[in-house]
Amino acid sequence: MSWDTLRGHLPKSYSPQDQALVRRAYEYAVEAHGDQRRKSGEPYIVHPESVATVLADLRLDARTVAAALLHDVAEDTPITIPMLIEEFGAEVASMVDGVTKLEHVSDMAALPADSRDPKIESFRKMLLAMVNDVRVVLIKLADRLHNMRTLNAMQPDKQQRISRETLDVYAPLASVLGIYAIKWELEDLAFRYLEPDTYVKMKAELAERREEREGYVNTVIQTLRTELTRHNIQATISGRPKHIYSIWRKMKRKGVTFDQVYDQHGLRVIVQDIPDCYAALGVAHSLWRPIPGEFDDYIASPKENQYQSLHTAVVGPNGRPLEVQIRTPEMDRIADVGIAAHWRYKSQTRHDEAYERKIQWLRSVLDWGQQEHAGGSEFLATARDELFKDRVYVFTPAGEVIDLPAGSTPIDFAYRVHTDIGHRCRGAKVRGKLVSLDTSLQSGDQVEILTAKRGGPSRDWLNPHLNYVKTSRARTKIRQWFKQQNRDENITAGRELLERELHRLGVEHMTYGEVAGLFGYQNQDDFLAELGTGDITSADVAKRVLNLNKPEEALKEAHQEGLPQVDQPQKRVEPKVDGIKVQGTGNLLTMMSRCCNPMPPDEIVGFVTRGRGVSVHRQDCPNVLRLDRERMIRVDWGESPPQLSRVKIRVMAYDRAGLLKDIVEVLDLENINMEDASAVTARRDNLAMITATLEVRDAEQLDRVLYKINQVQNVREVRRQKG
Ligand code: MN
């Protein structure tokens, strides 16, 4: 191989700059790989060059082809990604980086032997979740294709493993992306290694019947061509090649013999335009009897991946079934290369609709929409809430793929692996490094849980402010663990928790019994036990015991006191319903009408009622038309300024540089204003006391921010002060 060979494969439409980019990448890769050799003994450069050739044949853009040439340099040579950015720009470099990352993930994965195991699907999703440029997957597919073509240089056990993975992971990916040319070749190659005897036998059978088959197909083509010409339809007709693996799958799926599958012949008819497609269909149906239920119009309703074609099946000569696909040349290209068509080189200025549609389709694939395709439908028929954007895919140390909701932590992972691992979890390593237990996991991470011999979860894990746990599964398991503890222990733990919480909140006038009463418990111990098991959290306590502002209460009171009359002096009531402020109503009581339930950003109008304040309707509400115009007023959705409560807090801490700054940062993150801050330091024991007034939204926010301040380094205690 050489530059000239590769150049011969580049699309004719490449500009001189495109050619130059690919050439530079080629020379760079030759240099970088130096005398490296593949298992087969060939110079290493043969591999990237072949991968680039596959992509050039799909007529992909020059950057993809350049990235394909460079795809192994970051992995196998001293070249780094920053060097590639410098040399080829961020786009090419980030594709190389993406391929390298997929390589690592593939190395880590240990896939289950059963192809139907859902872990395999998780792994496919992991691959797509990790790339932000689908061209990375295209390079990976071409890479796998060349590795499969040269698989005989590998050890038999590796051949098996790689073939299995190809069939379970990469061929379905190619199918989802609509790149059938690659899908079929991958499948046949993998099948050859996995079922060598069957493969050889089927191949021989195919060869044996080739002559007869070709004779039959040629006769049929001849008949159809004559008839089409008579109708003035220009067409290119070809027999469709049979792929060994797809014949075999059909035999398995339908429980039929080789002959039965084999006897179904397929024709592909390419005509000039869409009207000719339908005309050709009519001609075929007039020649041979259509088989009911076999007609599909993918021109009127294209498949998700833009595939368009007419499909029909007829009873051909000698009673043999004949499948016919009819489409235009453009449709035919898309049918072969699927998503790759999207990045085909084209003049930059032309804006075309097909291009927009392809982007649309790409989005729907990435959104994990439904898709109907042989081998791909199961893979994609996943509920909306399983969108991979909301999930992370991580590895166990053994290479098993585990999927979790996005934002999951090592504790969630531990409980997912095994309840007992969760209970005994004491630490975690991600990608080999120790991390804190509230770390958010990322797709592709390998997670290892460090466990204690015995013992249980920590009550802190249930604290909603500390973000240790994301999944409800883990939370439930943790609570169950505490429930099973002896009641006395839970009561003791609950009492400690309540004591700490009341102290923190500066509530000293309430007895435990009174707090229990706020939650509806007659028996104080029952209440403390629930606290101990985590069924009631400290945040719940804060909400009940701190009687901070409650606008809904105010509204309720107003209703109870008799509804204010519009023309009477108003009791001060914030025009606020469900936290939404309506502007233009002054101090009038506002209510959302029940007939049309207006919500921002609906266009709204106010109606001054007799005795019930202002009712707010949607402008298009049919009832509005019947209302008295005189009493309509203009209203708008207003920003609803949160009602803030001023709370004094006191922080005790060992003094250090940057202490106050760290506390202010916590408040900033919560968007809390601080006033009247002052700090006093006692020289002798180096203790600082900081007091400040905070403007908080509600008890929950206060509780959260107290926890967070408590976690600032060197802080010994933080609490709300009375007064
Ligand atoms: Mn490679």
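First listed ligand is number 1; within each ligand, the first listed atom is number 1. FYI, side chains are in, hydrogens and waters are out, and symmetry mates aren't considered; it's all heavy atoms of this structure.
Salt bridge E323/K250: present, at least one basic N to carboxylate O contact under 4.0 Å. Salt bridge status for R161 with D157: absent, with no side-chain N to carboxylate O gap under 4.0 Å. Salt bridge absent: R124 and D168 never bring a charged side-chain N and a carboxylate O closer than 4.0 Å.
Here the protein contributes H47 NE2, H71 NE2, D72 OD2, D143 OD1 as N, O or S atoms under 2.8 Å from the Mn ion (ligand 1).
For the 3.5 Å distance criterion, the side chains of S163 and R192 fail to qualify, holding no donor opposite an acceptor.
With hydrogens and angles ignored, the 3.5 Å screen pairs no side-chain donor or acceptor of D296 with any backbone N or O of Y298. S50 contributes a side-chain N or O that, together with a main-chain N or O of V46, makes up a donor-acceptor pair within less than 3.5 Å.
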